[in-house]
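Report on one structure; see the data block that follows.
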Amino acid sequence: GQNIDQPTEMTATEGAIVQINCTYQTSGFNGLFWYQQHAGEAPTFLSYNVLDGLEEKGRFSSFLSRSKGYSYLLLKELQMKDSASYLCAVNRDDKIIFGKGTRLHILP
Amino acid sequence: DTAVSQTPKYLVTQMGNDKSIKCEQNLGHDTMYWYKQDSKKFLKIMFSYNNKELIINETVPNRFSPKSPDKAHLNLHINSLELGDSAVYFCASSLRGRETQYFGPGTRLLVL
């Protein structure tokens, strides 16, 4: 997806913490979204980072480093319902470009 | 109460047919989109409209033609359907082009 890289799959245990990384090409960058998509459903918005730093929203946090072209989504106290795909999407030159998504499997 | 709605939810059709998918949003957003999500789950933008005007037209076959009768509606017409068109098509909308997108439930198209 136009130089947006994230791992294809990850596995973590219920109750644990997992970090999903996303790297992107920095040219024309305006901001970065994270979306969650459960199997068979539409993507839903999780976060949008424009400035460097960490933004926390309940069990989910998102971090951005504009200079490094790097973001991560941190999920704490994992629950079975967090099993889903997590899509990193870059706002570049007023277009939203999605990465291929990271499929997260949660084990009991 | 549905923010972004699409019809139909499922569409099974034969190769060579012409079909349309409809999308409506009641959020008062200015920008609407069509995405295609293939079997590998890669979400790829096809078209974007802002206030009924086409602003993004990615490399898609010209068998695909979007139509926006008003800013709350963006329909997708597909001519001469091919096997490779089988996918989930998502409509989305945002307040403006740079902002959070809200997705419809998707239309699962299967071409036989």
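A quick note: this is a predicted structure, and the numbers were derived from the prediction, not measured. What's counted below: heavy atoms across the whole structure, side chains too, no hydrogens, waters or symmetry copies. By convention in this document, chain letters (A, B, ...) are assigned in the order of the sequence lines, proteins followed by strands, and residues within each chain are numbered from 1.
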Residues, nucleotides or ligands: over 12 heavy atoms within 6.0 Å of [X] [atom1]:
X       : atom1 : answer
B/Glu53 : CD    : no
B/Lys71 : NZ    : yes
B/Asp70 : CG    : yes

If hydrophobic clusters are built from ILVMFWY residues whose side chains come within less than 4.5 Å, do [X] and [Y] share one?
X        : Y        : result
B/Leu83  : B/Leu81  : yes
B/Met15  : B/Leu109 : yes
B/Tyr49  : A/Ile96  : no
A/Leu107 : A/Tyr86  : no
A/Phe33  : B/Met32  : no

Chain B-proximal positions within [range] [heavy-atom distance under 4.5 Å]:
range                     : value
residues 56-65 of chain A : none
residues 36-55 of chain A : A/Gln37, A/Gly40, A/Glu41, A/Ala42, A/Pro43, A/Phe45, A/Tyr48
residues 67-79 of chain A : none

query = Looking at A/Tyr35 and B/Gln101, what are the two nearest heavy atoms and their distance?
reply =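 For A/Tyr35 and B/Gln101, the tightest heavy-atom pair comes out as OH-N, 2.8 Å.
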ask   = Which heavy-atom pair separates A/Phe98 from B/Phe42 by the least distance, and what is that distance?
value =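 That closest heavy-atom pairing would be O-CE1, 3.4 Å.
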request  = May I have all residue pairs that pass disulfide bond (SG atoms under 2.5 Å apart) and include part of residues 5-108 of chain A, sequence neighbours excluded?
outcome  =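 Residue pairs with at least one partner in residues 5-108 of chain A: A/Cys22-A/Cys88.
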